[in-house]
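Accompanying notes for the structure given below.
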Amino acid sequence: MKIAAEDVTPVAFTVILFLAWEGACRLFHIDAFILPAPSAVFAAAAHYWWPLLKNSFVTLWTTVVGFILAVVFGITLGLVVGWSRAIYRGLYPVMIGFNSIPKVAVVPILIMWFGIGEIPAILTAFLISFFPIVVNVATGLATTEPELEDVLRALGASKLDIMRKVGIPRTAPYLFGALKVAITLAFVGAVVSETIGANAGVGHLMVQAGSNFQMPLVFAGLLALAVEGILMYALFALLERRMAGWAFRASMSAAG
Amino acid sequence: MICLDDVSLSYKGRSGEVTALAHTSLTVKQGEFAAVVGPSGCGKSTLMKLVTGLIRPTAGAVFVEGKPVKGPVKIAGMAFQNANLLPWRSVLDNVLLPLEIVPPHRGRFRREKDFYRARALDLLGVVGLRDFAGRYPWEMSGGMQQRASLCRALIHEPALLMLDEPFAALDAFTREELWVVLRDLWQRLGFTVVLVTHDLREAAFLADTVHVMSARPGRIVETRVVDFLRPRPLEVCYEPAFTDLVHELRGKIAEVRQA
Ligand SMILES: Nc1ncnc2c1ncn2[C@@H]1O[C@H](COP(=O)(O)OP(=O)(O)O)[C@@H](O)[C@H]1O
Ligand SMILES: [Mg+2]
């Protein structure tokens with residue numbers, strides 16, 4: 001396989017970014033308490049690899065558990081809401097309303113209810129990633145072309161038949177698009193919750209390191225988060241292409 | 001085959017009731033090719049939904065095959081202006097879709113998939129799409145998609161084919177090609193057709209009878225029998241008798257639009 005310029009660009013861009021950062025730190029003698037140079041950050045990452053890995057793992061599993069809950073409940077509720085256009089039209093504004101509440105604001109409440117630990121992180125991840133899934137699944141179902149529905153109903157198809165043959169397959173691109181966004185949001189939720197009150201996780205580690213003035217470690221934590229976030233996004237982007245690839249190809253051609 | 005007896009239909013919209021059809025009567029015989037023409041918004045699509053049982057009349061009665069229509073009739077194939085093929089299915093699988101729904105094929109579909117595939121390929125052959133069976137809808141032109149949509153409407157060998165402006169979105173050349181495709185399918189398979197269109201030449205070329213509808217609230221104001229010999233070649237469209245017929249129909253529509 002030939003490697004195209006497009007494939008190299010992101011890597012090259014990242015490397016240049018780090019080089020510029022390193023260069024700027026050295027050139028302007030930036031205080032390590034303000035912005036540590038990448039070399040210092042990588043050194044901290046190598047030195048504290050075990051705590052970083054351990055806490056990354058905690059963040060990962062709370063994110064994933066919250067996300068799985070969101071997927072299960074999100075798809076279920078999405079199917080219910082999208083089942084009929086009347087329910088959809090009635091509930092859509094409510095869902096959008098809920099979705100626009102900053103979920104981060106409920107973290108202190110969750111901590112008061114469930115104490116410091118993984119549960120608030122899981123619940124925050126769940127809450128923050130739940131609505132995009134519901135909204136997208138419901139929209140995918142409720143926007144089925146009425147004429148296509150007529151074609152099938154005139155054949156004697158039941159509502160369930162129409163869902164199985166058209167509604168649900170048609171929802172796949174909406175769902176995978178939502179999952180890609182939701183996993184990133186779940187991750188944000190888990191980390192925010194950890195920074196507010198937890199005894200493990202990368203968010204917790206960064207707060208601790210910050211209060212000990214170990215800025216390179218704080219940035220190493222940030223780097224760990226970035227890597228985790230990108231990997232999760234990439235995984236779901238890949239899944240999306242495999243499961244609903246037709247939507248990409250269909251939208252790329254004019255006749256679609 | 002189809003009989004509408006003094007049918008009226010009102011929609012309850014946000015801005016009060018809309019009477020789409022008022023006191024419409026219409027009969028279509030077994031095997032007949034009927035066309036319905038009329039100004040936009042006069043209730044043609046509503047008429048189609050009434051005949052297929054997708055909506056119930058506010059007043060009057062609808063009969064299909066002698067029986068009063070109480071719900072979706074289950075013997076109708078439908079096609080619309082938009083081909084509405086499923087983009088995640090190949091053309092062949094799109095055509096097979098009705099067989100996954102209509103009894104008795106529904107129960108046999110899995111076991112006799114090969115038999116049904118062969119049948120679908122034959123039908124695709126008739127409309128000239130046999131070699132495109134494995135393609136996806138987005139890889140095909142609008143005319144080809146509409147051919148596939150016709151096959152989907154006919155695969156379960158319905159007694160009744162309902163077409164709601166099926167060729168309206170196509171260019172003039174493709175449209176004439178599809179007239180011929182539809183003419184041949186009809187002559188071969190012998191189903192009853194109701195074709196809604198606002199193309200008067202299309203109606204005159206294809207149909208045995210042309211029904212003209214008035215502006216909303218719609219009803220049938222005139223029924224014309226078209227008796228050009230069959231099989232009709234496309235050249236019929238350039239004969240004086242044909243042009244006269246189209247002219248008269250046009251005059252009638254202009255008249256009802258004024259009213
Ligand atoms: N679901 C509906 N609710 C309310 N009004 C409708 C509905 N469907 C159609 N109408 C109205 O009924 C009239 C006839 O519609 P239609 O049968 O689609 O006309 P045509 O197909 O002849 O253009 C139009 O004025 C349209 O606005
Ligand atoms: Mg219409």
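Here is how names work: the chains are called A, B, and so on, in the same order as the sequence lines, proteins then strands, and each is numbered from 1.
- For Phe63(B), the CZ atom counts as densely surrounded, since its 6.0 Å shell holds more than 12 non-hydrogen atoms of other residues, nucleotides or ligands.
- Here Glu118(A) pairs with nothing under the salt bridge (Lys or Arg N to Asp or Glu O under 4.0 Å) rule; sequence neighbours left out.
- Heavy-atom neighbours of chain A within the stretch residues 39-58 of chain B, taken at a separation under 4.5 angstrom, comprise Lys49(B), Thr52(B), Leu54(B).
- More than 12 heavy atoms of other residues, nucleotides or ligands lie within 6.0 Å of OH in Tyr11(B), so this atom counts as buried by the packing criterion.
- The 12-atom threshold is not exceeded at CD1 of Ile119(A), counting heavy atoms of other residues, nucleotides or ligands nearer than 6.0 Å.
- Of the candidates Lys74(B), Glu100(B), His156(B), Leu155(A) forms a side-chain contact (heavy atoms from CB on, under 4.5 Å) with just one, namely His156(B).
- Taking CD1 of Ile101(B) as the start and CD1 of Ile162(A) as the end, the distance is 7.5 Å to the nearest 0.5 Å.
- By the 4.5 Å heavy-atom criterion applied to side chains, Arg89(B) and Lys165(A) are counted as neighbours.
- Minimum interatomic distance between Phe80(B) and Val151(A) (heavy atoms only, all atoms of both residues): CE1-CG2, 3.5 Å.
- In the displayed structure, Lys159(A) atom NZ is contacted under 6.0 Å by more than 12 heavy atoms of other residues, nucleotides or ligands.
- Open room surrounds OH on Tyr233(A); 12 or fewer heavy atoms of other groups in view lie less than 6.0 Å from it.
- When side chains are defined from C-beta on, Asp161(A) counts as touching Arg106(B), because their heavy atoms get closer than 4.5 Å.
- When each of Gly156(A), Ala154(A), Ala157(A) is checked for heavy-atom pairs under 4.5 Å with chain B, Ala154(A) comes out on top.
- Of all heavy-atom pairs between Leu152(A) and Leu97(B), the closest is CD2-CD2, 3.7 Å.
- Using a 4.5 Å cut-off between heavy atoms, Glu147(A) contacts chain B through both its backbone and its side chain.
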